[in-house]
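Have a look at the structure below, then the notes.
Excluded from the calculations below are hydrogen atoms, water molecules and symmetry mates; all remaining heavy atoms, backbone and side chain alike, are included.
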Amino acid sequence: MEYNFRDIETKWQSYWDKNKTYKTGIETSKPKYYVLDMFPYPSGAGLHVGHPLGYIASDIYSRYKRLKGFNVLHPMGYDAFGLPAEQYAIQTGQHPAITTENNIKRYKEQLTKIGFSFDWDRELRTSDPEYYKWTQWVFVELFEHWYNNKSQKAEPIINLVNIFEKDGNTKLNAACNTVLVVFSSEDWKSFSDHRKQEILLDYRLAYLADTLVNWCPELGTVLANDEVKEGFSVRGGFPVVQKEMKQWSLRISAYAERLLNDLEKLEWTDSLKEIQRNWIGRSEGAEMIFKIKDMDAEMEIFTTRPDTSWGVTFMVLAPESDLVNKVTTQEYKDDVQKYIDLTKKRSERERMTDAKNVSGQFTGAYAINPLTNNEMPVYISDYVLMGYGTGAIMAVPGHDSRDFKFARHFNLPVIQVVVKKGEEPTDTATWEDSCDSKEGKMINSGFINNLDVNEAIEKTIQFIEEKGIGKGRINFRLRDAIFSRQRYWGEPFPIYFKDGLPYPVAKENLPLELPEVDAYLPTEKGEPPLGRAKSWKNEDGYPYELSTMPGFAGSSAYYLRYMDPNNKNALVSEEANEYWQDVDLYIGGTEHATGHLVYSRFWNKFLFDIGWVSKDEPFKKLINQGMIQGRSNFVYRVKGTNRFVSLNLRKEYDITPIHVDVNIVSNDILDTEAFKNWNPEYKNADFVLEDGKYICGYAVEKMSKSLYNVVNPDVIIEQYGADTLRMYEMFLGPLEMSKPWDTNGIDGVHKFLRKFWRLFHDENNNFALSDDNPADNELKVLHKTIKKIQDDIERFSFNTSVSAFMICANELTELKCKKRGVLEPLLVLLSPFAPHITEELWQFCGNSESISYAVFPEYNEKYVKESTYEYPVSFNGKMRFKIELPIDINPKEAEEKVLKHEMAQKWLEGKSPRKVIFVPKKIVNIVI
RNA sequence: GCCCAGGUGGCGGAAUUGGUAGACGCGCUGGACUUAAAAUCCAGUGACCAUUAUGGUCGUGCGGGUUCAAGUCCCGCCCUGGGUACCA
């Protein structure tokens with residue numbers, strides 16, 4: 001029989017489906033292994049060839065682990081809420097649920113064709129009410145908890161109420177909003193219920209507060225920091241502005257320290273951990289209070305360098321700071337207001353591109369330096385950000401380049417307070433920039449003079465704490481996650497409002513299902529789309545929240561739901577969670593490094609705190625697959641004509657390169673007839689050929705519809721089969737590296753599979769295996785391959801395993817080996833990579849069960865042991881000839897034998913060697 | 001600017017711990033089989049020099065260094081990709 005991949009692949013895909021070959025359950029007799037892919041957003045464009053790269057890798061690993069005796073959980077689902085379906089709904093009126101349903105259907109078809117070993121019974125989608133019930137449930141739990149900094153964990157809000165009743169908030173150390181009043185237990189008891197709820201809201205892990213948000217007018221919604229890039233929305237590329245709004249936020253900042261420290265436990269790449277470290281951004285320093293002269297006001301600042309306090313010559317407030325109004329004197333009111341208006345007008349983008357220009361405005365106020373008692377002018381400037389620290393800084397122009405530029409611009413004094421080792425202080429008037437102050441000795445700095453920087457920092461903090469003018473503090477860059485979106489297609493908040501305060505929907509009433517609306521647009525009043533829903537109120541007539549949750553809500557705990565996807569009573573049962581624990585291997589793209597991967601670690605830690613899950617980190621090992629780039633093709637049109645000239649002749653003409661669909665190009669040769677039909681514009685095109693062919697140019701670019709370089713996996717599967725696609729994607733290069741997709745090389749992999757097929761067949765294409773005992777050299781090939789494949793899979797080097805399979809097939813073909821004792825184990829070895837062809841041949845071999853239930857062959861060293869080794873002999877490091885020597889030869893003997901060799905004589909030219917280096921089983925090097 | 005990857009033939013890439021640079025595949029060239037094509041198989045394929053067969057020189061982004069030995073380690077630089085930023 002011929003290798004008919006089409007029949008074979010459909011046959012086995014329906015077999016796996018019917019027999020539920022990959023269904024998984026709790027099996028305590030086997031060790032568990034959980035392999036997870038980052039689930040896709042089902043877009044309208046379907047999968048292109050780049051998407052399945054990670055899925056193929058994780059599928060190979062899953063199948064390998066199964067063969068190794070593990071009970072493998074390997075699920076797939078859909079991140080089904082999202083903007084594109086909603087944008088489409090706005091344009092066409094089609095309900096996003098329908099769009100999403102259609103897209104999922106297409107995704108599933110495409111995924112099925114690739115032959116993944118997913119347990120499809122666990123499939124989930126985040127837009128399913130049975131699923132988002134649990135997203136809402138977790139939100140309610142967040143609402144009902146606060147973070148105790150003393151115990152370093154989340155605790156029920158009722159504990160907090162008890163504390164307030166006993167002590168007020170005087171002894172409390174909690175993560176909370178900054179606008180706080182100190183109150184005693186008596187105060188607390190005297191507060192109205194309304195007031196009590198207001199105060200509690202400042203402590204909840206999910207809280208409602210006025211926040212400065214990234215508002216995208218075009219999308220009509222707010223965006224999280226990681227959804228904005230360079231002042232534009234990541235999705236859609238629309239401008240984003242800063243705006244103050246009442247929004248739900250999640251108090252992820254409470255977990256900053258734990259999120260940072262626990263990175264150490266994870267088997268993630270160093271670069272990914274580094275991205276997270278930077279995102280969390282821990283800095284140690286001090287908080288200090290500066291009193292404002294002649295006013296009842298003070299400025300609180302954060303600095304990492306309290307030691308440089310003697311070098312402070314002015315203070316700067318963020319224009320958005322509440323303090324601005326308070327400190328500005330009458331004289332400067334107008335100017336200050338003008339400056340504020342100016343900054344508001346400037347978009348984030350302008351502020352960024354304009355980083356070199358200095359701007360600011362004096363407020364008329366002076367702050368008193370608590371260490372020197374000097375008076376310092378207070379400015380406002382947009383280089384100080386409200387979102388970081390306290391929105392106010394002490395400026396040290398001598399040692400900070402932004403402060404320096406500001407000082408020069410406004411003619412403010414510059415004082416040097418740190419001198420580098422071995423250098424002398426210089427006149428700051430001659431400086432062109434601030435100078436580095438990470439190391440050195442203090443000068444002009446009162447009682448810390450002559451101390452090293454580190455000592456000086458310590459001493460200053462000690463001093464300000466004693467004097468009560470400040471204290472040591474750790475600051476994080478990580479901001480609380482804004483959790484409201486003014487959109488339709490997301491999880492509704494399980495929240496209703498009573499007297500302007502939020503209350504959670506009772507858990508037994510979840511899910512709170514997304515209501516129908518007549519249009520997916522804001523209301524006339526500017527409310528989110530849910531404002532259009534009829535009777536969007538609870539049974540007592542209280543209105544529900546109108547915003548919905550953001551994209552990362554549904555993906556923050558989905559890995560837990562897969563463990564127990566149909567549980568009606570819990571996100572995941574204790575039993576299922578105890579068994580599956582955490583994700584052993586997580587594969588996905590780096591684009592989620594700061595978004596999803598931070599949020600889900602945070603959710604998981606919260607769920608760990610409240611006892612829902614047994615592990616405090618969700619993803620033990622994580623691998624980022626590289627991007628598959630597109631390989632575009634070009635044709636060259638002679639300007640002003642419909643004539644196209646082949647690549648190497650284009651220099652002779654005045655031409656415009658035009659992207660051409662890569663699907664009508666093969667090995668860079670254009671199918672000219674297909675080209676004419678591709679676009680009516682080219683119907684009458686004529687061509688200047690070279691060697692009778694039209695050769696296209698190429699470039700590596702992003703894979704994108706607009707560049708006509710998108711390759712669809714369905715097309716590849718139709719032409720070569722899924723097994724070829726799977727192996728070729730792996731063969732392309734190392735998993736973690738980005739690389740261009742070039743269909744040209746795929747023949748090689750396909751040829752390999754046909755060659756492999758022929759190993760099991762005679763000249764007449766009849767299945768033919770012999771039961772003779774394999775010869776030593778045949779067993780050697782097999783065991784060499786077992787070792788190589790196993791090592792490669794363990795270190796995710798799938799490209800080299802494909803090579804190893806090719807080498808193996810070449811060698812067995814050479815040996816004309818048709819022996820069951822060699823070929824049957826080889827089938828098992830190959831099955832994770834090419835599951836269809838191996839199932840078929842496995843069945844031919846007389847097996848009645850799926851090859852997925854086979855056992856990975858055991859490597860036996862004795863078959864690959866050699867008695868000799870062919871040593872490369874080099875002279876001064878240059879390889880000159882080879883000599884075969886016994887494996888257990890001693891260095892002295894080896895040296896003698898090598899030097900006796902005629903080639904050695906030639907290279908020695910009569911001289912005697914200065915030194916001979918003999919490395920067993922490696923090399924001989926002769927130094928002359 | 002800072003942080004992290006990466007730079008090896010015409011192309012994708014291999015070299016796992018410092019030990020034969022270019023495995024494997026594509027492409028290309030030539031050949032076998034065939035009426036022919038497809039498929040398959042065989043040989044060659046880093047550059048340059050030499051050619052009588054054996055050969056020789058150079059070569060892993062650039063410049064230096066360590067070492068018996070460097071694609072791999074160290075120092076300095078260039079380029080590409082990604083992340084991040086008026087972060088105090």
Ignoring the backbone of [X], work out which of [options] is nearest its side chain.
X: A/Thr304; options: B/rA88, B/rG19, B/rU16; result: B/rA88
X: A/Arg402; options: B/rC11, B/rG19, B/rC87; result: B/rC87
X: A/Thr303; options: B/rG6, B/rA88, B/rU20; result: B/rA88
X: A/Leu385; options: B/rG6, B/rU20, B/rC86; result: B/rC86

Which is true for A/Lys788 with a 4.0 Å heavy-atom rule: it touches a base, it touches only sugar-phosphate, or it touches nothing? base

Going by side-chain contact (heavy atoms from CB on, under 4.5 Å), name the residues that satisfy it together with [X], two or more places apart in sequence or in a different chain.
X: A/Tyr698; value: A/Arg631, A/Asn633, A/Asp668
X: A/Ala834; value: A/Asp723, A/Met727, A/Leu753, A/Leu830, A/Ile837
X: A/Gln361; value: A/Tyr332, A/Asp335, A/Val336, A/Tyr339, A/Ile380

Nucleotide N/O of nucleotides 52-61 of chain B paired with protein N/O under 3.5 Å:
{"residue": "B/rU57", "atom": "OP2", "partner": "A/Arg880", "partner atom": "NH1", "Å": "3.1"}
{"residue": "B/rC58", "atom": "OP2", "partner": "A/Lys878", "partner atom": "NZ", "Å": "3.2"}

Set out, line by line, the N/O atom pairs under 3.5 Å between protein and nucleotides 22-24 of chain B.
{"residue": "B/rA23", "atom": "N1", "partner": "A/Ser803", "partner atom": "OG", "Å": "3.4"}

So which protein N/O to nucleotides 41-47 of chain B N/O distances come out below 3.5 Å?
{"residue": "B/rC41", "atom": "OP1", "partner": "A/Arg758", "partner atom": "NH2", "Å": "3.2"}

Indicate syn or anti for B/rG56, taking the glycosidic torsion and treating anything within 90° of 0 as syn. anti

Tell me, please, which residues at least two apart from A/Gln276 pass side chain to side chain donor-acceptor pair (under 3.5 Å). A/Arg601

Which residues pass the ring-ring contact (aromatic ring centres under 6.0 Å, His included) test with A/Phe410, not counting sequence neighbours? A/Tyr379, A/Phe406

Sequence neighbours left out, what passes ring-ring contact (aromatic ring centres under 6.0 Å, His included) with A/His901? Give chain and number order. A/Phe881

Closer to the 5' end of RNA chain B via nearest nucleotide, is it A/Gly748 or A/Asp791? A/Asp791

Both A/Arg305 and A/Gln629 contact RNA chain B. Taking the nearest nucleotide for each, which residue is further toward the 5' end? A/Gln629

Provide a list of protein-nucleic acid N or O atom pairs under 3.5 angstrom, restricted to nucleotides 66-68 of chain B.
{"residue": "B/rC68", "atom": "O2'", "partner": "A/Asn925", "partner atom": "ND2", "Å": "3.1"}
{"residue": "B/rC68", "atom": "O2", "partner": "A/Asn925", "partner atom": "ND2", "Å": "2.7"}

Bracket notation of RNA chain B in which parentheses pair within the strand, [ ] cross earlier pairs, and | pairs with another strand (Watson-Crick or G-U, under 3.5 Å): (((((((..(((......[....)))((((((.......))))))((((.....))))..(((((..]....))))))))))))....

Between A/Arg277 and A/Glu274, does at least one N-O distance fall below 4.0 Å, as a salt bridge requires? yes

Contacts table for residues 870-878 of chain A: side-chain donor-acceptor under 3.5 angstrom, sequence neighbours left out:
{"residue": "A/Tyr871", "atom": "OH", "partner": "A/Lys921", "partner atom": "N", "Å": "2.8"}
{"residue": "A/Ser874", "atom": "OG", "partner": "A/Val924", "partner atom": "O", "Å": "3.3"}
{"residue": "A/Asn876", "atom": "OD1", "partner": "A/Ile928", "partner atom": "N", "Å": "3.1"}

